[in-house]
Amino acid sequence: MSDLLAPGATLEKLFTGTVWGEGPVWMPESSRLRWSDIPNDRILEFDAATGQTAVYREAVEFTNGRTLDLAGNVVQCSHGRRSVETEIDGVPHTLVDHWGEHRLNSPNDVVVASDGTIWFTDPSYGIVTGTIEGHDGDEEYGGCFVFRFDPASGILSPVIVDRIAPNGLAFSPDESILYVSDTCDDDRARIWAYDVSVATGTVFEGREFARPRPGISDGFRIDVEGRLWTSASDAVHVYAPDGQELLAIPVPEPIANVCFGGDNGNDLYVTATTSLYRIRTTTLSARRAGAAD
Ligand code: MG
């Protein structure tokens, strides 16, 4: 067994009943894992203390990826509102839904940098798939970009414009690299690595990092050593910072996303198609401030 997994670790199935589970985030204050069931247009929560799962909210306008901001509030993407929103006391508030006069496409996944800026991907899945994961609409600004939003100034800036369908994203532990998956199609799907300066909001030219197969890398997380833990069709694939594959953890159905959580931060939660899984690792999320994510 890999030394990245705790001795004797096995994949546990925690819940079954989603059509397509996505957007996991660990919520340390409540010891709960919150995630999206996109086609059912609802948000679920798994309570790690009781082992029970409950519907958190319904009719949520097709939320997708989520994370926590520096204050511990949930920041999440909404296909239906074509927005990135924050949730305060259970009520969603739109942070950004336009670039200039154009609406965003359908923000998919989001990460908050250490300076509080919000970086998110904006592919068109939520506006081209009928009512399955959003509402039909047009690509108003004529592309699918990665954006940086500064909530302090309200300024939204495109930072990556050369991807076809940017999807998952995460920073390296020192925030010198921004990883972005492009899920354009099965042949060309890749994870790309971009050198980045968070301080200036600058992203430099990208390079190919990994090609998880079979399937695509939808969402992923980075651990404290800079390893990338990604979804694919068959397994969670783990890559070293140099791109070498270190481990594949088989999962019996296609995976959308993963995140670290648990009271010690070393549990990897896996949102696969119909089910939520968990396996104990020997590492932690790269996310600062102990907020496993
Ligand atoms: Mg995604």
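FYI, the numbering just counts along the sequence from 1. Both ligands and their constituent atoms are indexed starting at 1 by order of listing.
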For Arg103, check side-chain contact (heavy atoms from CB on, under 4.5 Å) against everything at least two apart and list the hits.
Arg82, His98, Glu140
Side-chain heavy atoms under 4.5 angstrom apart, residues restricted to Ile, Leu, Val, Met, Phe, Trp, Tyr: same cluster for Leu5 and Tyr277?
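Yes: a chain of side-chain contacts under 4.5 Å links Leu5 to Tyr277.
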I'd like to know whether the aromatic ring centres of Trp229 and Phe260 sit less than 6.0 Å apart in this structure.
yes
Closest approach to the Mg ion (ligand 1) by Glu22, given as the N, O or S atom name:
OE2
I'd like to know: is the Mg ion (ligand 1) within the 2.8 Å range of an N/O/S atom from [X], strictly under that distance?
X: Asn257; result: no
X: Asn64; result: no
X: Asp218; result: yes

Mind checking the CD-OG spacing from Glu61 to Ser106? Nearest 0.5 Å is all I need.
12.5 Å
